[in-house]
Amino acid sequence: MEKKYKKPVKITDICYRYDSFNNGDVLFGRKGRLPAMGWNSWNAFGSGNTEVLTKIMADKLLELGLDKLGYQYVILDDGCYGAERVDGRLTSDKEKFPSGFAALSDYIHEKGLKFGMYNDVGSKLCSGLEVGTCGYEDVDTEDYVRWNIDYIKVDNCYNEWDNATFSNPENAKFTFAPNIRGIKLKKTDGTLVSEYSAPQEGIITGHRAFIQGNYVVGIGTSDGTGPDVSPIGEMSSELVFTPNVSESGEYILEAVCEPGCAEGTGQWLQVAVGEGPKDVKYYYDDLIEAADSEEKAVVCKINIELSAGENILRLMNHRRQENILTSYAKIQEGFAKTGTDRDIVFSICEWGKTQPQNWAYKVGDSWRILNDITFQVGSDGDRGHGTWEGAYTTSVTAQYNKAVIMDEFSGLERGWNDPDMLMIGMDGLTETMCKTHMTMWCMMNSPLMLGMDLRNVEKDDNIFRIISNENAIALNQDKLGIQAKRIYTTKAVDPDKTYLRDNDRLDVLAKPLADGSIALSFINVSLGDRYDEIKISLNLIKTYIGHKMVRADEFFEASGYEVTDIWTKSKCNIESGVFSNKMFGAVSLKACDNLTIIITPN
């Protein structure tokens with residue numbers, strides 16, 4: 001397939017710039033939507049899903065009554081398309097989906113369910129089929145509207161402008177600035193005004209860049225695909241200088257740099273003066289070619305304007321985030337051009353690579369926070385395999401450990417952190433693990449996408465009781481739409497901000513609810529039994545979530561409380577002071593277990 005674009009598009013709208021990420025402006029989509037619930041084909045069948053299997057899964061949702069509990073979306077993941085476009089259009093795999101997508105959509109809608117599909121912002125899908133939406137956004141969105149989709153999940157494999165999954169590693173040239181040795185400022189006649197060493201006089205912002213010898217390297221955005229990088233803090237780095245000049249006017253900036261094409265060292269440089277969407281002005285945003293000779297360093301000359309006095313001069317590369325935002329926005333632009341009034345849920349699936357918690361709310365309803373929760377997906381007759389903990393992203397706890405401290409990024413006016421599909425019902429997880437897995441996702445307002453073969457579920461079996469627990473689902477779908485905050489952990493002083501990967505701990509999550517009550521969840525994250533006696537005071541709850549609660553004064557001044565265990569459904573009245581200083585607690589928890597209670601003031 002011939003590339004439609006030769007390099008990342010020129011960004012002319014400040015709305016797509018890093019400086020606008022924090023302004024709260026939504027570019028596309030409808031906000032106020034609670035987390036989506038449904039069934040996705042990937043964990044159950046991988047690329048082996050078929051039309052027949054999809055219809056069976058839709059029928060099972062109704063047979064089990066799961067549709068009435070909120071599981072509405074039936075989503076085709078990768079593996080449903082034909083290997084090539086026909087006249088530039090997507091087609092179905094004729095063997096697996098012989099009736100086509102429109103007919104399958106009709107079938108699902110006739111059941112009272114909603115229909116979802118999949119694509120990729122790259123040139124190929126993750127399965128390798130060369131039918132990615134890059135360059136075809138207009139025609140693809142026309143077809144999706146024609147097929148009456150209600151949901152679309154969009155991956156990020158084979159990205160042309162990022163060193164994403166299956167992409168050329170040398171694409172790092174687009175996502176990092178060159179290594180910077182220093183800069184010179186000259187008047188337009190060539191007179192030297194000032195000279196600065198990058199390591200000695202430059203200011204490094206964020207957590208990605210660092211000094212290496214005579215250079216500042218790593219000017220770009222930290223890769224969040226794996227579990228190593230905390231989502232809290234400034235994940236993008238800039239190199240900032242503050243030149244003080246005597247008169248306003250045009251100057252020549254000479255940046256001494258070393259271009260490359262590997263993680264941490266690129267060729268794309270952005271040069272701007274000023275901060276914030278109203279005051280910043282860009283003077284350069286393009287590739288810097290490497291030197292033809294053996295000399296690695298090159299001098300890039302850029303005309304800039306400075307004001308008399310101190311200026312903020314920024315050398316940076318935010319293109320890893322800006323490019324992906326722009327790519328997803330192109331799809332939303334395509335939907336807008338069709339004039340559709342369909343309420344299409346937009347699921348961003350770039351696996352946390354570009355720190356989507358900072359920008360994805362502008363174009364999407366949810367965003368994946370890490371790579372896949374399992375790579376051992378099922379097939380027709382095979383349940384697939386999930387794990388409680390693992391070294392990479394493929395486990396319940398790897399996903400939970402990151403998502404649990406991302407509560408401030410989510411909400412009705414933003415969207416939802418997505419730690420991937422539920423692995424409940426897959427081999428490798430015990431009933432207790434599945435119950436806590438469900439609890440975690442519900443407390444964190446994660447999308448609830450079932451990922452098992454529903455033929456293996458029967459009404460009133462253990463799996464059914466977990467996925468159909470109305471108390472748990474009510475937490476996820478609570479109209480207040482506030483993700484639980486971790487207010488205590490046995491491993492850290494700042495429980496709501498510290499990224500923990502050591503699972504030998506117990507966490508406590510608190511979630512305010514629309515009726516003025518709260519949910520409190522005690523979670524044993526470890527694979528061993530714990531006998532901690534944890535007591536949570538009303539003051540601690542108030543400190544962390546009091547400002548987010550409905551009728552907070554009424555709650556904290558109550559004379560007593562009714563407490564409901566969401567799993568046993570047992571209730572008891574706790575009078576103020578049943579523990580000293582109005583406390584709620586748990587004495588011990590079995591491995592991977594949880595105690596989750598709803599606390600309602602009397």
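- Within 6.0 Å of CD in Glu250 there are more than 12 heavy atoms belonging to other residues, nucleotides or ligands.
- Salt bridge absent: Asp478 and Lys511 never bring a charged side-chain N and a carboxylate O closer than 4.0 Å.
- Counting only residues at least two apart or on different chains, the salt bridge (Lys or Arg N to Asp or Glu O under 4.0 Å) pairs with a member in residues 258-269 are Arg208-Glu263, Glu263-Arg320.
- A salt bridge (Lys or Arg N to Asp or Glu O under 4.0 Å) with Glu408 is found for exactly one of Arg414, Arg486, Lys548, namely Lys548.
- Under the 4.5 Å side-chain criterion, counting only non-hydrogen atoms from C-beta, Trp42 is in contact with Asp372.
- At least one donor-acceptor pair closer than 3.5 Å links the side chain of Asn445 to the backbone N or O of Asn476.
- Note on ring orientation: taking the six-membered ring where Trp is involved, the planes of Phe101 and Phe97 are tilted (angle from 30° to 60°).
- At least one donor-acceptor pair closer than 3.5 Å links the side chain of Arg85 to the backbone N or O of Val131.
- You'll find the side chain of Phe346 stays beyond 4.5 Å of the side chain of Ile344, heavy atoms only.
- Shown here are the side chain to side chain contact (heavy atoms under 4.5 Å, CB included) partners of Ser366, two or more places apart in sequence or in another chain: Ser347, Trp416, Asp418, Pro447.
- No donor-acceptor pair closer than 3.5 Å links the side chain of Arg33 to the backbone N or O of Gly415.
- Looking at residues two or more places apart in sequence or on another chain, you find a ring pair (Phe, Tyr, Trp, His ring centres under 6.0 Å) between Tyr144 and Trp147.
- The shortest non-hydrogen separation linking Thr393 to Thr225 is CG2-O, 3.7 Å.
- Contact annotation: the side chain of Leu422 approaches that of Leu448 to within less than 4.5 Å [non-hydrogen atoms, C-beta and beyond].
- In this structure a side-chain-to-backbone donor-acceptor pair under 3.5 Å is missing from Gln72 to Met37.
- For the pair Cys261 and Gln267, the tightest heavy-atom approach, listed with the atom from each and the gap, is CB-OE1, 4.3 Å.
- Not counting sequence neighbours, the partners of Arg89 by the side chain to side chain contact (heavy atoms under 4.5 Å, CB included) test are Val139, Glu142, Asp143.
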Q. Given the rule in the side-chain contact (heavy atoms from CB on, under 4.5 Å) test, do Tyr283 and Glu305 qualify, once you have shown the distances and angles that lead to the verdict?
A. CA-CA 9 Å; Tyr283 293 96; Glu305 293 181 3; 3.3 Å; yes
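- Side-chain atoms of Thr374 do not come within 3.5 Å of backbone N or O of Thr394 as any donor-acceptor pair.
- The number of heavy atoms from other shown groups lying within 6.0 Å of CD (Glu201) is above 12.
- Nearest heavy atoms, Arg181 versus Pro199: O-CD, 3.7 Å.
- The number of heavy-atom neighbours closer than 6.0 Å to NZ of Lys479, taken from other residues, nucleotides and ligands shown, is 12 or below.
- In this model, a donor atom of one side chain and an acceptor atom of the other lie less than 3.5 Å apart for Asp140 and Thr133.
- With hydrogens and angles ignored, the 3.5 Å screen pairs a side-chain donor or acceptor of Ser167 with a backbone N or O of Asn159.
- Using a 4.5 Å heavy-atom threshold, the side chains of Leu185 and Leu253 count as touching.
- Using modelled atom types, one side-chain atom of Asp420 and one backbone atom of Ile373 make a donor-acceptor pair closer than 3.5 Å.
- For residues 236-271, every residue pair satisfying the ring-ring contact (aromatic ring centres under 6.0 Å, His included) rule, not counting sequence neighbours, is listed here: Tyr196-Phe241.
- Under the side chain to side chain contact (heavy atoms under 4.5 Å, CB included) criterion, Gln212 pairs with Phe210, Val217, not counting sequence neighbours.
- Annotation: side chain to side chain contact (heavy atoms under 4.5 Å, CB included) contacts of Ser41 (sequence neighbours excluded): Trp39, Asn49, Asp77.
- Residue Gly100 comes nearest to Ser92 through the heavy atom pair CA-OG, 3.7 Å, listed as atom of the first residue, atom of the second, then distance.
- Between the side chains of Asp150 and His109, a donor-acceptor pair is found at a separation under 3.5 Å.
- Between Ser123 and Glu130 the shortest side-chain heavy-atom distance does not fall below 4.5 Å.
- Sorted by first and then second residue, the pairs that involve residues 187-200 and meet salt bridge (Lys or Arg N to Asp or Glu O under 4.0 Å), not counting sequence neighbours, are Lys187-Glu247.
- The salt bridge (Lys or Arg N to Asp or Glu O under 4.0 Å) contacts involving residues 227-237 comprise Asp228-Arg501, where partners must be two or more places apart or lie in separate chains.
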**Q.** Worked verdict on Asn156 versus Val121 for side-chain contact (heavy atoms from CB on, under 4.5 Å)
**A.** CA-CA 5 Å; Asn156 184 34; Val121 293; 3.4 Å; yes
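- In the model, Glu310 has no side-chain atom that pairs as donor or acceptor with a side-chain atom of Asn244 under 3.5 Å.
- Across all their heavy atoms, Leu129 and Ala83 have their closest contact at CD2-CA, 3.8 Å.
- For Lys337 and Glu137, the salt-bridge test fails: no basic side-chain N is under 4.0 Å from an acidic carboxylate O.
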Q: Might you work through the side-chain hydrogen bond (donor to acceptor under 3.5 Å, both in side chains) test for Ser47 and Asp78, ending with a clear yes or no?
A: CA-CA 6 Å; Ser47 292; Asp78 204 351; 5.0 Å; no
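- Note on residues 151-207: pairs passing disulfide (SG to SG under 2.5 Å), not counting sequence neighbours, are Cys126-Cys157.
- By the 4.5 Å heavy-atom criterion applied to side chains, Asn311 and Thr242 are not counted as neighbours.
- At least one donor-acceptor pair under 3.5 Å links the side chain of Tyr81 to the backbone N or O of Tyr118.
- Salt bridge annotation for Arg17-Glu322: present, with a cationic side-chain nitrogen under 4.0 angstrom from a carboxylate oxygen.
- In this structure, Tyr499 contributes its side chain and Pro227 its backbone to a donor-acceptor pair below 3.5 Å.
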Q: Determine, step by step, whether Leu412 and Leu34 satisfy the side-chain contact (heavy atoms from CB on, under 4.5 Å) criterion, reporting the C-alpha distance in whole Å, the side-chain angles of both residues, the deciding distance to 0.1 Å, and the verdict.
A: CA-CA 7 Å; Leu412 288 171; Leu34 290 166; 3.8 Å; yes
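- Under a 4.0 Å N-O distance rule, the pair Lys362/Asp25 does not qualify as a salt bridge.
- Side-chain contact between Arg319 and Ile11 is present, with heavy atoms from C-beta onward closer than 4.5 Å.
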Q: Could you go through the side-chain contact (heavy atoms from CB on, under 4.5 Å) check for Leu315 and Ile219 one step at a time?
A: CA-CA 8 Å; Leu315 278 65; Ile219 302 172; 5.5 Å; no
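- The closest side-chain donor-acceptor pair between Asn148 and Ser105, if any, does not fall under 3.5 angstrom.
- Checked against ring pair (Phe, Tyr, Trp, His ring centres under 6.0 Å), Phe174 has the following partners two or more places apart in sequence or in another chain: Trp161.
- A donor atom on one side chain and an acceptor atom on the other are found under 3.5 Å apart for Ser236 and Gln321.
- Asn317 contributes no side-chain N or O that, together with a main-chain N or O of Leu269, makes up a donor-acceptor pair within less than 3.5 Å.
- Within the 4.5 Å cutoff, the side chain of Gln332 has no heavy atoms near those of the Leu27 side chain.
- Partners of Phe166 under the ring pair (Phe, Tyr, Trp, His ring centres under 6.0 Å) rule, at least two apart in sequence or in another chain, are Tyr158.
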